[in-house]
Trainee: 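The structure follows.
Residue numbers begin at 1 in each chain, while the letters A, B, ... track the order of the sequences.
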2 protein chains.
Amino acid sequence: MGTKKKTTIKDIANVLGLTPSAVSKALNNHPRISEKTKVSVQQVAKNLNYQPNYLASALRKGKSNLVGVIIPRANSNFFSAVLESIENVLHEKGYNIIISQSYESFEKECRNIDALLFTQVDGVIASLANETKDFSFYEKIKAKGIPLVLFDRGENDLGVDYIGIDDYQSSHMVVDHLVSENCKRIAHIGGFSHTRIFKNRIRGYRDALEKHNLPLDDNLIFECKLTKTDGRLIMEELLHRENRPDAVYVAGDYAALGALEYLKEQGIKVPEEIAIVGFGNEPFTSLVFPSITTIEQHSTEIGKYTAEAFLRRIKEADTPPVLRKKILDPELVVRGSSKKI
Amino acid sequence: MGTKKKTTIKDIANVLGLTPSAVSKALNNHPRISEKTKVSVQQVAKNLNYQPNYLASALRKGKSNLVGVIIPRANSNFFSAVLESIENVLHEKGYNIIISQSYESFEKECRNIDALLFTQVDGVIASLANETKDFSFYEKIKAKGIPLVLFDRGENDLGVDYIGIDDYQSSHMVVDHLVSENCKRIAHIGGFSHTRIFKNRIRGYRDALEKHNLPLDDNLIFECKLTKTDGRLIMEELLHRENRPDAVYVAGDYAALGALEYLKEQGIKVPEEIAIVGFGNEPFTSLVFPSITTIEQHSTEIGKYTAEAFLRRIKEADTPPVLRKKILDPELVVRGSSKKI
DNA sequence: TATTTTTGTTCAAACGTTGGAACAAATATA
DNA sequence: TATATTTGTTCCAACGTTTGAACAAAAATA
């Protein structure tokens, strides 16, 4: 075997008595190259097992065909489904994807951005870490002049493309459903309101209660990180109140699970005594008993639209930017944890 | 703003009246460059917001500092944990990671390899798709002369580095435990035996039964894809037998969950009538009722060792290859689904 | 037949960085 | 003082590809 020497267009050129530039043009289907030459170049390329050097072409062309995707974590049904969908669209167009995870840490998010920019990605697609409150990283990306598209976590006023679901409406759907199940006193365990999506869920919850002429009690609203433990602890707190709720709308499935577990341990009947609704349609929501009513976020579509928004940005690189926001309709998946009737 | 022009080492050179090559050397801490020059170059680089162009340096140096990681899917606790661990080690050493998912499809796996090689990765780390039976892709990577390290799925005779857990021993631990809980008739729902890890689990199961002088009944061994549905269906099949098992060792947590669900639906008491043990320690195993006894695979350590094996391969690129295999000890996590006593 | 257009190719420079050779100046050794 | 060594820098070619300009030959038009 010996040392593997990669074949380059120069080698092909030598075999055929052409110049590298002719070979390059033949391979790129340049109109001024004859059919005959193109065919023979293809032939020789195959014979010599030619693999184009993307680094060289990327350097020359000033684009890497690499897209950076930053998500809080891949180990989540929602994000991995969005990812798969983004991949499908972008691979089709010849892009490769660098996934990086922020693990919900603002610091890691920043480091990831640096790494991606260093790698000369042609653009960034991101869903923000919970911790992220300021958008300074956005300036960096803007300074490079490459597109940025946000999804789910990251609705903003910065004029950045955004794809997500209608969180406000989600809350309405949940409350409407619970009211139709005869619930009168509905608590809300939400995420931190500095994040748009959670703010919208809280707002939707308030407005929906009002719509149904239910009294609004600020003591029934909680903000937390929505971990399983958070769900447990807040549920415990709620159970110690005099005036217990008869339903809890939890803005995340993991927290909903924690709440459910605690209720079961305490011998509270779900949904008869207290109904539970989660958010996100994580797979385990259908596995536990009772199965958890939740909101489906249409991850595949979000991924598809996100990738498409990105592609459009690339295409119109130097036309005046048009802001693209796409807000999808959520879907309520009714399961055992809320069916009183 | 206008068109963003990236600053290059040439710009820095101009400012200081130096040559680009001096700047490059200063930035790379070349011993022959004076401290004074280095300091001023750093200064100007900072002022001009210089970002090195990795493409150019990668092209010149013939290495991209990119590592391709191929996993069946990121949406799995095990793989995402391994991934995080690999990331931690490799980021430290200046590598970036391109994650690609095979979604258990052999075809996708091959396409991913092509994409990664095209992107000029410096090496590949992989865990194989269930479907993968032939190792032809391996030849491609070998032909490029870059290292390949496999983990979990991919034990082989090809002389490729491999990190995994001792599946044979895992089965022994499971059977030992079940026997100590007074189980006499233990069934096994396994993966396909063309995959090493599953073959080893089956072998371990057989040998362990023999060790305990329990009769071996081939009708109690099943091979499947280990989905939740597979678990249900096989459990159903088992329940219709005259001679029911009193324990089922399932080689995957999802299938174990399916089996458990079916048993609960049929009013069979777990673990009293039939005990269940899974494999993988997926988070939901501790969430369901009864919680599922399972095998912990030490994902963090697997990731760490895998990354380290990769780094060593890179370092010793042209010394005669030494095969590295690391087999970690599994850990049995005993939970409700198997505690009869 | 003279002129323009088209076709197929070569030429040369560029993308940004790197690293060995060359070289002058400063310093050390004989 | 003559020579050898060290230090700090410049020079230049290279990595593999792309692209516009240039050019000769062939084909089309006048």
Side-chain angles (χ1 to χ4, degrees), chain A residues 3-42 44-45 48-66 94 117-122 144-145, chain B residues 3-42 44-45 48-66 94 117-122 144-145:
Chain A
T3 323
K4 287 282 155 195
K5 261 256 175 144
K6 286 162 200 156
T7 39
T8 70
I9 51 173
K10 215 172 163 184
D11 300 322
I12 303 179
N14 284 340
V15 171
L16 292 167
L18 287 170
T19 56
S21 109
V23 173
S24 167
K25 283 173 177 144
L27 289 171
N28 290 301
N29 205 25
H30 188 105
R32 293 278 274 275
I33 297 290
S34 68
E35 267 325 300
K36 208 186 95 211
T37 309
K38 283 180 188 168
V39 171
S40 52
V41 165
Q42 304 274 11
V44 177
L48 298 184
N49 187 29
Y50 168 69
Q51 305 267 77
N53 185 326
Y54 124 92
L55 289 173
S57 103
L59 174 61
R60 179 59 230 251
K61 297 206 279 198
K63 68 183 301 240
S64 64
N65 278 297
L66 249 32
L117 293 182
F118 173 69
T119 316
Q120 312 284 123
V121 293
D122 289 344
K144 265 247 173 170
Chain B
T3 324
K4 286 282 157 195
K5 261 261 177 136
K6 286 163 200 155
T7 39
T8 70
I9 51 173
K10 213 173 163 182
D11 300 321
I12 302 178
N14 285 339
V15 171
L16 292 167
L18 288 171
T19 57
S21 115
V23 173
S24 166
K25 285 172 177 140
L27 289 171
N28 290 299
N29 204 26
H30 189 105
R32 293 277 275 275
I33 297 290
S34 68
E35 267 325 300
K36 207 185 95 212
T37 309
K38 282 180 188 168
V39 171
S40 53
V41 166
Q42 304 273 14
V44 177
L48 299 184
N49 187 29
Y50 168 70
Q51 305 268 80
N53 184 327
Y54 124 92
L55 289 174
S57 108
L59 174 61
R60 176 64 228 249
K61 298 206 278 196
K63 67 183 302 240
S64 64
N65 278 298
L66 248 33
L117 293 183
F118 173 71
T119 316
Q120 312 284 122
V121 293
D122 289 344
K144 267 249 175 170

Trainee: Would you say B:Lys63's side chain and B:Asp122's backbone share a donor-acceptor pair under 3.5 angstrom?
Mentor: no
Trainee: For the side chain of A:Asn28 and the backbone of A:Lys25, is there at least one donor-acceptor N/O pair under 3.5 Å apart?
Mentor: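 Flag not set: sc A:Asn28 to bb A:Lys25 has no pair under 3.5 Å.
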Trainee: Has B:Ser40 got a side-chain atom pairing as donor or acceptor with B:Lys36's backbone, closer than 3.5 angstrom?
Mentor: yes
Trainee: Can you list, in residue-number order, the parts of residues 31-38 of chain B that come under 4.0 Å of DNA chain C, counting heavy atoms only?
Mentor: none
Trainee: Would you indicate, yes or no, if C:dC11 has its OP1 or OP2 atom less than 4.0 angstrom from a side-chain nitrogen or oxygen of A:Ser21?
Mentor: no
Trainee: Checking side chain to side chain donor-acceptor pair (under 3.5 Å) for the pair B:Ser24/B:Ser21: CA distance, chi angles, key distance, verdict?
Mentor: CA-CA 5 Å; B:Ser24 166; B:Ser21 115; over 6 Å; no
Trainee: Rounded to whole angstrom units, what separation is found between the CG atom of A:Leu18 and the C1' atom of D:dG16?
Mentor: 17 Å
Trainee: Judged by atom type as modelled, is there a donor-acceptor pair below 3.5 Å linking the side chain of A:Lys38 to the main-chain atoms of A:His30?
Mentor: yes
Trainee: Can you identify which nucleotide, out of D:dC11, D:dG16, C:dT10, has its nearest atom closest to the A:Lys25 side chain?
Mentor: C:dT10
Trainee: Among C:dT17, C:dA13, C:dG16, find the nucleotide with the atom closest to the side chain of B:Ser24.
Mentor: C:dT17
Trainee: Take the protein atom CD of A:Gln120 and the nucleotide atom P of C:dC15, then report the distance between them rounded to whole Å.
Mentor: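 The answer, rounded to whole Å, is 14 Å.
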Trainee: Ignoring backbone atoms, establish whether B:Thr19 has a side-chain N or O less than 4.0 Å from OP1 or OP2 of D:dT10.
Mentor: yes
Trainee: Give a yes or no on whether the backbone of B:Leu55 and the side-chain of B:Asn53 come within a donor-acceptor separation of less than 3.5 Å.
Mentor: yes
Trainee: Could you check how far CG of A:Leu59 sits from P of D:dC15, rounded to whole Å?
Mentor: 14 Å
Trainee: Would you kindly give the CG-to-C1' distance between A:Asn28 and C:dG8, to the nearest whole Å?
Mentor: 16 Å
Trainee: Of the residues in residues 48-56 of chain A, which ones touch DNA chain D at a heavy-atom distance under 4.0 Å?
Mentor: A:Tyr50, A:Pro52, A:Asn53, A:Ala56
Trainee: Side chain of A:Ser64, backbone of A:Gln120: donor and acceptor closer than 3.5 Å?
Mentor: yes
Trainee: Evaluate side-chain contact (heavy atoms from CB on, under 4.5 Å) for A:Ile12 paired with A:Thr7, printing each intermediate quantity in order.
Mentor: CA-CA 8 Å; A:Ile12 303 179; A:Thr7 39; 5.8 Å; no
Trainee: Give me the atom names and distance for the closest heavy-atom approach of B:Thr8 to B:Asp11.
Mentor: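 So the minimum-distance heavy-atom pair works out to N-OD2, 2.8 Å.
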Trainee: Could you give the CD1-to-P distance, from B:Ile9 to C:dG16, as a whole number of Å?
Mentor: 10 Å
Trainee: In this structure, how many angstroms lie between the C1' atom of D:dG8 and the CG atom of B:Leu16, rounded?
Mentor: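 For the pair B:Leu16 CG and D:dG8 C1', the rounded distance is 15 Å.
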Trainee: Separation of A:Lys10 atom NZ from D:dT17 atom C1', in whole Å?
Mentor: 12 Å
Trainee: Over how many whole Å does the gap from B:Ile12 atom CD1 to C:dT17 atom P extend?
Mentor: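 Between P of C:dT17 and CD1 of B:Ile12: 8 Å.
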